[in-house]
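Have a look at the structure below before the remarks.
In each ligand, atom 1 is the first atom listed, and ligand 1 is the first ligand listed. Side chains are part of it too, since the values below use all heavy atoms of this structure and drop only hydrogens, waters and symmetry mates.
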Amino acid sequence: MKRKICILGSTGSIGTQALDVIRAHSDLFEAYVLTAGSNADLLVKQAREFEPCAVVIADESQYDKVSDALSDLPIQVYAGSEALCQVVTMEPIDIVLTALVGFSGLRPTIAAIGANKPIALANKETLVVAGELITRLCCEHHVAMLPVDSEHSAIFQSLMGEHSAIEKIILTASGGPFRTFTLDEMRHVTAVQALKHPNWDMGAKITIDSASMMNKGFEVIEAKWLFDVEPERIQVVVHPQSIVHSAVQFEDGAVKAQLGAPDMRVPIQLALSYPERLKSDFPRIDWWDMKDLSFERPDLERFPCLALAYEATRRKGNAPCVLNAANEVVNLAFRQERCGFLQMADVISETLARVPYIKTPALEDYLATDAESRRVATQLLS
Ligand code: NDP
Ligand code: MG
């Protein structure tokens, strides 16, 4: 029986690479549901190739375009964000790959967990916003959450076959395009410069988060929830070559790491095929070509977003939700040249100070916190 996969965000960077994996293993995997935000043309092209049972276009104004283009095929077409929460519950689905961007991933992920679907998690913001709620729901529904993020997949792989306690997680970071810039140089960087990541080709939002190192802060929070390790025991290490994807140190001092060429298809494929590993023709490490592997301490003065993420996760409650919402606002504003690079951290910090703290938020509190934080951050920007 083929594994039936629902890809939330099939038209994005992770989504299209997941379809590469499905294409290469069409004897094992089937794209059962595909979804897009507004890219109707690519969604239609994917649907014509993979013939899923259903597609969703979140942007309702694109419904007719998608529906007309697929009218000769037996594919159900839905529109709107509510439809995302419904399709994930379709009975035949074996696994849901969450590759939406930002807060938009939260509600569909909750719906999928409620329907007892295993989650291949790319959308880290879901765990940043509501890690406590999500891990509790996974526990209640006995749902597995398999990491797609390369660092978390590396940690997961380092833990395979281990039953011993984790002493420390070593979370590697490329350092992004501004790793060697001075504070003064960083003041003037543009979105065009920030969108050129040295090692990874990713969606625009996460590429900016990588440049500010907010992405690494999010990954600290993601690791905390996935592996039940407090942030004090998660050490971020800048490793510009992105060969060591992350590591785990055990109580006897031994360190296990996972290495490989930087290629997201490796962790995507493992999340879909787990517990099996499948053959692939993805690039291998060329050991003779590898010049050096270097490791540096992150500079929290030049990358204050990383410090803000540690601070938010220490505060717990709705603080990481505020962090995420404010970051979504400034990330977009930076891409649209309405916010300077270093100004992003200032706005996030001020938003964290202004939005009322909630110690044990329920889902409605996360929704309200997200809305309020966006309002505050937007006001601070104007
Ligand atoms: P992209 O921007 O490339 O793709 C996002 C996908 O989600 C697209 O299919 C997009 O549709 C859809 N989408 C965006 N907004 C909405 C919305 N409001 N409602 C419904 N659908 C929406 O992002 P990435 O693939 O880069 O990232 C996806 C997630 O994976 C993020 O959480 C990111 O942090 C995480 N991740 C990504 C990595 C990477 O290498 N790219 C690595 C590790 C984690 P459309 O195309 O129509 O806009
Ligand atoms: Mg990552």
Task: Qualifying salt bridge (Lys or Arg N to Asp or Glu O under 4.0 Å) pairs with a residue from residues 301-319, counting only residues at least two apart or across chains - done: E232-R314, D299-R302, E311-R314

Task: Residue pair S38 / Q62, side-chain donor-acceptor N/O under 3.5 Å - done: no

- [ ] Assert yes or no for the condition that the ring centre distance of Y274 to F156 is strictly below 6.0 Å.
- [x] yes

Solution key, residues 136-146 side-chain donor-acceptor pairs under 3.5 Å, sequence neighbours excluded:
unit_1: H141; atom_1: ND1; unit_2: N116; atom_2: OD1; d: 3.2

Open item on the list: If we only look closer than 2.8 Å, how many protein N, O or S atoms does the Mg ion (ligand 2) have near it?
Closed with: 3

Task: Distance-only polar pair, side chains of N215 and K124, donor-acceptor under 3.5 Å - done: yes

TODO: Would you please say whether a donor-acceptor pair under 3.5 Å links the side chains of D209 and N331?
DONE: yes

Open item on the list: Quick test of your reading of the model: are E328 and R374 salt-bridged, counting only N-O distances below 4.0 Å?
Closed with: yes

Open item on the list: Strictly below 4.0 Å, N to O, side chains only: are D41 and K45 in salt-bridge contact?
Closed with: no

- [ ] Kindly tell me which protein residues have any non-hydrogen atom under 4.0 angstrom away from an atom of ligand 1, grouped by chain and ordered by number?
- [x] G9, S10, T11, G12, S13, I14, A36, G37, S38, N39, A58, L84, A99, L100, V101, S104, A122, N123, K124, E125, D149, M202, G203, I206, M264

Task: Interatomic distance, F218 atom CZ to E125 atom CD [nearest 0.5 angstrom] - done: 6.0 Å

